[in-house]
Engineer: 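Sharing a structure here in structure tokens format.
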Number of protein chains: 2
Amino acid sequence: MTTRDRRRRVTIADVANHAQVSTTAVSKVIRNAYGVSPAMRDRVKAAIDELGYRPHAAARAMRGRTFTIGVMLPHIRNPFFADILDGLNAQLDDTGYQAIMIQGGATQKAEAPAIDALVDRQVDGILMISPLAPRARLEAVGREIPTVVLGRHERSAVYDAVFDDDEAGAELVVNHLIGLGHRRIAHITHQDNSTARPSDLLHIIRAETYERVMREHDLAAEIAIATTYYTEEGGYDGAQQLLARSRRPTAIFAGADQAAFGALAAVHEAGLAVPGDISIAGYDNTRLAALPNIAITSIDQDGAVMGHTAARLLLERIEGRTSAVRFSVTPSLVPRRSTAAPPPQDG
Amino acid sequence: MTTRDRRRRVTIADVANHAQVSTTAVSKVIRNAYGVSPAMRDRVKAAIDELGYRPHAAARAMRGRTFTIGVMLPHIRNPFFADILDGLNAQLDDTGYQAIMIQGGATQKAEAPAIDALVDRQVDGILMISPLAPRARLEAVGREIPTVVLGRHERSAVYDAVFDDDEAGAELVVNHLIGLGHRRIAHITHQDNSTARPSDLLHIIRAETYERVMREHDLAAEIAIATTYYTEEGGYDGAQQLLARSRRPTAIFAGADQAAFGALAAVHEAGLAVPGDISIAGYDNTRLAALPNIAITSIDQDGAVMGHTAARLLLERIEGRTSAVRFSVTPSLVPRRSTAAPPPQDG
DNA sequence: GTAGAAGTGGGTAACGTTATCCATCGCCTC
DNA sequence: GAGGCGATGGATAACGTTACCCACTTCTAC
């Protein structure tokens, strides 16, 4: 049996022909719509199976739903996003919805077309993970398509927010380090070119909380921030900057595990021991942070719960909910071997 | 200015009206099609800018292209895929094509609907990263849509293949360990339920090469394979199995860095030192393998080159190439601190 | 027994775009 | 000056699906 190149797809009309009913009837069966008898349903379903029919998503997009959830994430390299995705996909399983992902990148300029791409592809719902776009843009998207924003704290009437209580998390870290006896605690934060309101962005919240807690403990003079990126390279560069200071810190709080990994590398390279000379703490409690060789103290925010909640909220919105919801997870400290009391002479 | 809910998208007809031309003319300008004067082009472009028009991808899909490349990847947690994606996206930049990703998961059963989802969304090209699907299925997809398969070795007339020379890579690792003096070298491989021809799957090739090289060095009696998964958990479990053997291995070759990370954890937990008691090697040379705390000997296969080549091949196919291409990258060994001579009594 | 309701099936017009024609206008050539 | 040709712009029919209606039948209630 030679297959002819690019044979035509099986369409709803083929199914209708084969089952000797109207295309309308077939469409109704597919959508579980009202107005089909059980007999009709069985008949059409049989025809669908026989012909191996699958709805053409692009055609559906013209009139109805695409059964697609679009996920915009900055970059797939961050393993924390994998946790979120797992939660999302688990919740979407068996709903008929499929999640597609698109990378937004590190700049607003790169992110904008990625968001457009999802909108243009007519997804039924959008999950934006730590977007850089200004709030007005998110609201514009949210007005057009059900939207959930993950990782930003702002209130909006048109989209839902899922986030971690970053203030509580950062507080946990800094208090943990101070409790161990550290005074010269430095912070590595993330540089963005976002035009969002700073207080809505998680890295700003973490950094500001760090500063606030330091001040509250009369450590304002010890505040030291390296502004690089929440990436391995960023953590590496940031730690190098901090280590080069005349008053070397005894502890580094990296705003994300990824950055903490890089910081770890830089500290080692400088010939210093962790936690003997310098303590290091991260954020996100990614699985790698738990590896015995790394064993970085971190903040756990349940990514799976965040992802699964985001999916649930999206489905609710698709079903018609219009009120806005904010969902926040409470972080917890996971102490590991990377943090300990500072060396005696520095205490 | 109160915005009305869900206002209508700007369509090609709106642009045509605004520019006082036909929709056909607008379409031609968008597609850079033949038959438009420079004056017409400018006029239409001005209207497009003024109205902020963007083509509706779903509508385009009904007739022409979607300017979308679909990427199926097993799971985003594997950082090696991030390298591939970086290469792909860099190549796609400024071509007007957007890459969307979808997770295929760890089983054929989960992967099938993911592949369907891309086909149904009418993407212009598909990149499948280490798919589990049987070859016939890949060919069926390839006949319908330009396809590149990354990570499998099979020859096909309808799709292109991009892969690493896994045989050479595995040989490098095993020879490296033997050269250090190891004899009891174990391997951690990946379990799949794929119905693909085994010799086409990279983990099978790595495992078989391991066995072959062992036999070639008269070490057939020392062959020990743990079949778990190319994940952190898999590496952890696999290493535990191997450590529990009466004849404990002095070296473990994990088929992927992810698994090597888990193996590292298991070895540490067992109170053994790396490389003092046991050497560990991985595969993929992910960035994390280079972290000083991990420093795992690994095999470098240039993911960025693979991704960028995959993109190039897809674009060529979309432009009409029908001949099949195979592209293979040559791997290289990156020795790090995790491998050394075996302890004296075990040599 | 009849009016109305409920249940069931189908016809049809969109949705936004593009491919395929077709028509017109200059201009060139002999 | 007629014939032809390239350049340009537009009309129109799809693409596969669904929402909205309408028509018909069979119940139910009085």
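Sequence lines set the chain letters: A, B, ... in the order given, protein chains first and strands last, and positions in each chain run from 1. This is a predicted model, so every value here is computed, not measured.
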Engineer: What is the separation between atom CG on B/D42 and atom P on D/dT8, rounded to the nearest whole Å?
Structural biologist: 13 Å
Engineer: So what does B/S27 hit on the nucleic acid, given a heavy-atom distance under 4.0 Å: a base, only sugar-phosphate, or nothing?
Structural biologist: base
Engineer: Calculate the interatomic distance between B/I12 atom CD1 and C/dT18 atom C1'; express it in whole Å.
Structural biologist: 8 Å
Engineer: Kindly say if A/R65 contacts the phosphate of D/dT17, meaning a side-chain N or O under 4.0 Å from OP1 or OP2.
Structural biologist: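 No, because none of the side-chain N or O atoms of A/R65 sits under 4.0 Å from OP1 or OP2 of D/dT17.
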Engineer: Can you tell me if the side-chain N/O atoms of B/T11 get under 4.0 Å from OP1 or OP2 in C/dG16?
Structural biologist: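 The answer is no; no side-chain N or O of B/T11 sits under 4.0 Å from OP1 or OP2.
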Engineer: May I have the distance from A/K28 (atom NZ) to C/dG7 (atom P), rounded to whole angstrom?
Structural biologist: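 In whole Å, C/dG7 P and A/K28 NZ are 13 Å from each other.
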Engineer: Quick one: is C/dG9 close enough that its OP1 or OP2 comes under 4.0 Å of any side-chain N or O from A/S37?
Structural biologist: yes
Engineer: According to a strict under-4.0 Å criterion, is A/Y34 in side-chain N/O contact with OP1 or OP2 of C/dG9?
Structural biologist: no
Engineer: Check this for me: does the side-chain of B/R63 come within 3.5 Å of the base of C/dT17 through a donor and an acceptor?
Structural biologist: no
Engineer: Roughly how many Å is it from CG in B/D14 to C1' in C/dG16, rounded to a whole number?
Structural biologist: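 Between C1' of C/dG16 and CG of B/D14: 10 Å.
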Engineer: Is the shortest side-chain heavy-atom distance between A/I318 and A/R65 below 4.5 Å?
Structural biologist: yes
Engineer: When you compare the side chain of B/S130 with that of B/R152, does any pair of heavy atoms fall below 4.5 Å?
Structural biologist: no
Engineer: Go through B/R155 and B/D200 one step at a time and tell me if the salt bridge (Lys or Arg N to Asp or Glu O under 4.0 Å) criterion holds.
Structural biologist: CA-CA 9 Å; B/R155 285 163 212 288; B/D200 292 334; over 6 Å; no
Engineer: Closer than 4.0 Å, any side-chain N/O of B/T24 to the OP1 or OP2 of D/dG10?
Structural biologist: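 So the side-chain polar atoms of B/T24 never come under 4.0 Å of the phosphate oxygens OP1 or OP2 of D/dG10.
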Engineer: From CD1 of B/I30 over to C1' of C/dT18, roughly how many Å is that when rounded to an integer?
Structural biologist: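 That distance rounds to 10 Å.
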Engineer: For a quick test of reading the model: is some side-chain N or O of A/R31 closer than 4.0 Å to OP1 or OP2 of D/dA19?
Structural biologist: yes
Engineer: Give the rounded distance in Å between these two atoms: CZ of B/R9 and P of C/dT17.
Structural biologist: 7 Å
Engineer: Compare side-chain N and O positions of A/R60 against OP1 and OP2 of D/dT18 and report whether any pair is under 4.0 Å apart.
Structural biologist: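 Yes, A/R60 has a side-chain N/O under 4.0 Å of OP1/OP2 on D/dT18.
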Engineer: Rounded off to whole Å, could you give me the CE-to-P distance for the B/M62 and C/dA14 pair?
Structural biologist: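 From B/M62 CE to C/dA14 P: 16 Å.
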Engineer: Specify the residue among B/S22 and A/Y53 whose closest nucleotide of DNA chain D lies further upstream toward the 5′ end.
Structural biologist: B/S22
Engineer: Rounded to whole Å, how long is the line connecting atom CZ of B/R54 with atom C1' of C/dT17?
Structural biologist: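 Distance check: B/R54 CZ to C/dT17 C1' gives 16 Å.
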Engineer: Hey, does B/R43 have a side-chain heavy atom less than 4.5 Å from the side chain of B/V29?
Structural biologist: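 Counting from C-beta outward, B/V29 and B/R43 never come under 4.5 Å.
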Engineer: With nearest nucleotides of DNA chain C determined for B/A57 and A/V21 from heavy-atom distances, which residue corresponds to the more 5′ nucleotide?
Structural biologist: A/V21
Engineer: Would you mind reporting whether B/I69 and B/Q98 have side-chain heavy atoms less than 4.5 Å apart?
Structural biologist: no
